Every structure is written in C-alpha cells, then in structure tokens.
Number of protein chains: 2
Amino acid sequence: MNIGEAAKLSGVPAKTIRYYDEIDLIKPSGRTAGGYRDYDERAVESLRFVRHARGLGFSVEDCRALLSLYRDRNRASADVKSLTAKHLARIESKIAELESMKRTLQDLTARCQGDDRPDCPILDNLAGPERSRAEARG
Amino acid sequence: MNIGEAAKLSGVPAKTIRYYDEIDLIKPSGRTAGGYRDYDERAVESLRFVRHARGLGFSVEDCRALLSLYRDRNRASADVKSLTAKHLARIESKIAELESMKRTLQDLTARCQGDDRPDCPILDNLAGPERSRAEARG
DNA sequence: CTTGACCTTCCATGAACTGGAAACCTCATC
DNA sequence: GATGAGGTTTCCAGTTCATGGAAGGTCAAG
C-alpha cells in the first residue's frame with residue numbers, strides 16, 4: 001500500500017513515516033516502479049507499535065530497541081521491563097521537577113496581588129530567590 | 001567585566017551568555033577595544049534573573065517579557081501574574097500528561113514477569129493497547 | 001491528453017543551547 | 001620582543017522529533 005494508506009491505518013502522519021524511513025526505524029517493505037514507498041501489514045503494525053510507544057513517552061531510540069525486542073521471538077521480557085523501568089524513572093524525575101516548579105509558582109502567584117501596581121513577589125523572587133522569602137516573612 | 005567573570009557571578013555558562021547576546025535577550029553593556037564583551041553589574045543581575053526564570057521552566061520568550069516587566073517601573077503586577085498563571089497551567093497539563101504515562105507504565109511493569117521468557121504484557125500493550133487489557137482480564 | 005490527487009526529494013524551522021575548530025586578545029615572564 | 005597560557009572571538013554542526021513548504025514526478029480517471 002502507499003504511504004497515505006499506511007498513514008491512515010497506523011495513525012502516523014505520512015511525513016512522520018518518511019522520517020522513520022530516513023532514520024531507519026521503519027523501512028517500507030519495498031518501492032514501486034514509480035518510486036513510491038510500499039508498506040505491508042507488518043510495517044503498519046510497526047508504525048502502530050511505535051505510535052503507542054511514543055505516546056507513552058519512549059524516545060525514538062527506545063522505540064528502536066523495543067521494536068527489535070518485539071520482533072525477537074527469543075527475547076527476554078526482563079530486557080523490556082528494564083528498558084521500561086529506566087523510562088519510568090526518567091518520567092518520575094521529570095514529574096518531580098515539574099511539581100517543584102509548580103509549588104513555587106503557586107506560592108508566588110498566591111502572594112502576588114495581580115493589580116495595576118508594580119509591586120510583585122514573582123519578580124522579586126526572580127531577582128533573588130534566596131532573599132525574597134526571608135523578606136516576605138521578616 | 002569579561003564574559004567569564006559574568007558567568008561566574010551569574011551562574012550562567014559563558015556559552016549561554018553569548019547565545020543570549022545573539023538572540024538579543026541580554027546584551028553586554030559594551031565591547032572592549034579588543035572586541036571582548038563587557039558586562040556590568042546590571043547585566044549580571046539580568047543573567048541571574050533569567051537563570052531563575054529558566055529554572056522555573058519559563059521559556060526564553062517568557063523571560064524576555066518578564067525581564068522587560070522587571071525593568072519597567074510602571075508595570076502592573078497583573079501582567080506578571082497573568083504570564084505566570086499561563087505558565088503554571090502549561091506545567092500542570094504537562095504533569096497530568098506525564099502522570100498518565102506513569103500510571104500506564106507502572107501498571108505494565110507490574111504485570112511483566114521480567115524473566116528470560118519472551119511473554120511480555122508491555123510489548124503486547126504496545127502492539128495493541130485497545131486489546132491487551134481486555135485479554136488480561138478476559 | 002489533461003486534470004487532480006498523491007507521491008518524491010530536498011531544504012528550512014523550532015527550542016535552547018552545547019561542542020568544537022581556527023583565530024585573536026591579554027597579560028606575565030624571560 | 002618573543003613566547004606561552006588562558007581567555008575570548010566567530011562560525012558551523014549537532015541535539016530531538018518531527019513539521020511545513022517548494023519543485024517536480026506518478027497514477028488513475030475522463
């Protein structure tokens with residue numbers, strides 16, 4: 001099938017499918033006489049697989065590894081689990097980082113009047129975070 | 001002072017300071033006869049300000065706006081607060097997205113044996129998420 | 001044979017830097 | 001004045017994962 005249909009069936013945009021071909025993540029099963037990429041059901045399956053993995057935040061390189069495990073009948077599920085655990089750890093640390101930002105931002109917005117006057121704890125904090133809290137309290 | 005000292009005092013790498021100059025975020029106060037960038041205390045203050053804002057996840061464009069508000073004695077704190085609120089909302093939605101990934105990944109790793117056998121709920125899920133849960137239950 | 005949809009390749013862009021190469025400046029020492 | 005170390009300059013490339021667009025080739029229908 002043409003790239004357009006593979007896109008429709010897999011949910012991956014044609015442009016992205018070309019990109020995956022370029023980086024040797026998912027190659028078309030062949031080319032037609034006219035130079036069109038040709039995809040079979042197995043390729044579409046891979047495209048779907050990668051779409052799901054990307055949706056769970058796996059990097060393209062992770063997807064490459066996962067795809068190869070997926071295609072390997074002799075794989076050990078431990079390898080998949082370990083890859084996933086590492087990814088999960090990255091996600092958790094990202095969440096922690098964002099939560100920390102969130103707390104600070106919530107605290108600052110709560111203390112900012114948000115009126116037409118210039119006084120602003122948010123700017124004070126950005127100008128010197130080590131000082132503004134103490135000042136606010138003292 | 002030279003870029004190296006500005007870097008030391010502000011905590012922003014010299015390379016990044018050059019980049020901020022290039023994108024007109026923070027310009028050096030001048031240039032020496034030899035062509036070296038020259039930074040004064042006010043510039044260092046801006047660098048610190050931007051470092052803090054970046055640390056809270058604000059985009060460089062947000063930093064540009066915040067810096068201009070910081071320098072504006074007639075600013076309305078409402079403008080700062082509104083910018084911050086938008087940023088906070090983006091962070092919260094990012095957290096929600098990551099939390100959703102996290103839940104799925106945790107569920108999958110919990111169900112994966114992680115041994116030397118090929119059976120793997122994680123790969124099953126990636127191959128077809130709409131099916132694997134039902135299969136697991138049914 | 002022409003239209004229109006679809007496909008091709010190639011190049012540019014985004015976000016925010018970071019690394020490295022080749023050359024230049026500065027200051028101290030001999 | 002030469003030399004050497006260390007800081008600085010500019011410019012180019014690379015990172016991640018696509019996405020948008022231009023110029024042109026292919027294909028099926030009428």
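Just so we're on the same page: letters track the sequence lines, and every chain starts at 1. Fair warning: this is a prediction, and the values are worked out from it, not measured in the lab. Reckoned from all heavy atoms, side chains included, excluding hydrogens, waters and symmetry mates.
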Q: Give me the bend of the helix from C/dC1-D/dG30 to C/dC30-D/dG1, using the axes of the five pairs at each end, rounded to 10°.
A: 40°
Could you run down the sub-3.5 Å N/O contacts of the protein with nucleotides 18-24 of chain C?
residue	atom	partner	partner atom	Å
C/dT18	OP2	B/Thr16	OG1	2.8
C/dG19	N7	B/Lys15	NZ	2.9
C/dG19	O6	B/Lys15	NZ	3.4
C/dG20	N7	B/Lys15	NZ	3.2
C/dG20	O6	B/Lys15	NZ	2.4

Q) Can a donor-acceptor pair be found between the side chains of A/Ser46 and A/Arg71 at a distance below 3.5 Å? A) yes
Q. Considering only heavy atoms from C-beta outward, does the side chain of A/Lys102 approach that of A/Leu98 to under 4.5 Å?
A. no
Q | Nucleotide C/dA5, atom P - distance to NZ of A/Lys8 in whole Å | A | 14 Å
Q. Tell me: CZ of B/Arg51 to P of C/dC17, nearest whole Å?
A. 13 Å
Q. When you list every nucleotide of DNA chain D with an atom under 4.0 Å from a heavy atom of chain A, which one comes first 5' to 3', and which comes last?
A. D/dC17 to D/dC27
Q) Whole Å only: how far is the CG atom of A/Asp21 from the P atom of C/dT8? A) 9 Å
Q.
Using a strict heavy-atom distance below 4.0 Å, which residues from residues 58-71 of chain B are in contact with DNA chain D?
A. none
Q) Going by heavy atoms in the side chains, are A/Val80 and A/Tyr70 under 4.5 Å from each other? A) no
**Q.** First encountered from the 5' end of DNA chain C, between B/Ala33 and B/Val50
**A.** B/Val50
Q: In whole angstrom, give the distance that lies between atom CD1 of B/Ile26 and atom P of C/dA16.
A: 14 Å
**Q.** For B/Tyr39, ring-ring contact (aromatic ring centres under 6.0 Å, His included) partners two or more places apart
**A.** none
(Q) Taking 4.0 Å as the cut-off, does a side-chain nitrogen or oxygen of B/Tyr20 come that near to OP1 or OP2 on C/dA16? (A) no
Q. Any donor and acceptor pair, going by atom type alone, linking the side chain of B/Arg37 with main-chain N or O of B/Arg18 inside 3.5 Å?
A. no
Q: Working to the nearest 0.5 Å, report the span between CG of B/Leu105 and SG of B/Cys112.
A: 12.0 Å
Q.
Taking A/Asp40's backbone N and O only, do any of them form a donor-acceptor pair with A/Ser29's side chain (distance below 3.5 Å, no angle check)?
A. yes
**Q.** Under 3.5 Å donor-acceptor, A/Ser100 side chain and A/Ala96 backbone
**A.** no
Q: Quickly work out the A/Asn2 CG to C/dC6 P distance and round it to whole Å.
A: 10 Å
Q.
Is there a side-chain contact between A/Arg18 and the phosphate of C/dT9, meaning an N or O under 4.0 Å from OP1 or OP2?
A. no
Q. Would you say A/Arg37 reaches C/dT9's phosphate, i.e. side-chain N/O to OP1/OP2 under 4.0 Å?
A. yes
(Q) Under the side chain to side chain donor-acceptor pair (under 3.5 Å) definition, can you give me all pairs with a residue in residues 73-89 of chain B, not counting sequence neighbours? (A) A/Asp115-B/Ser77
Q.
Test your reading of the model: is there a side-chain donor-acceptor pair from B/Asn2 to the backbone of B/Glu5, 3.5 Å cut-off?
A. no
Q: For B/Ile23 and C/dA15, give me the distance from atom CD1 to atom C1', rounded to whole Å.
A: 10 Å
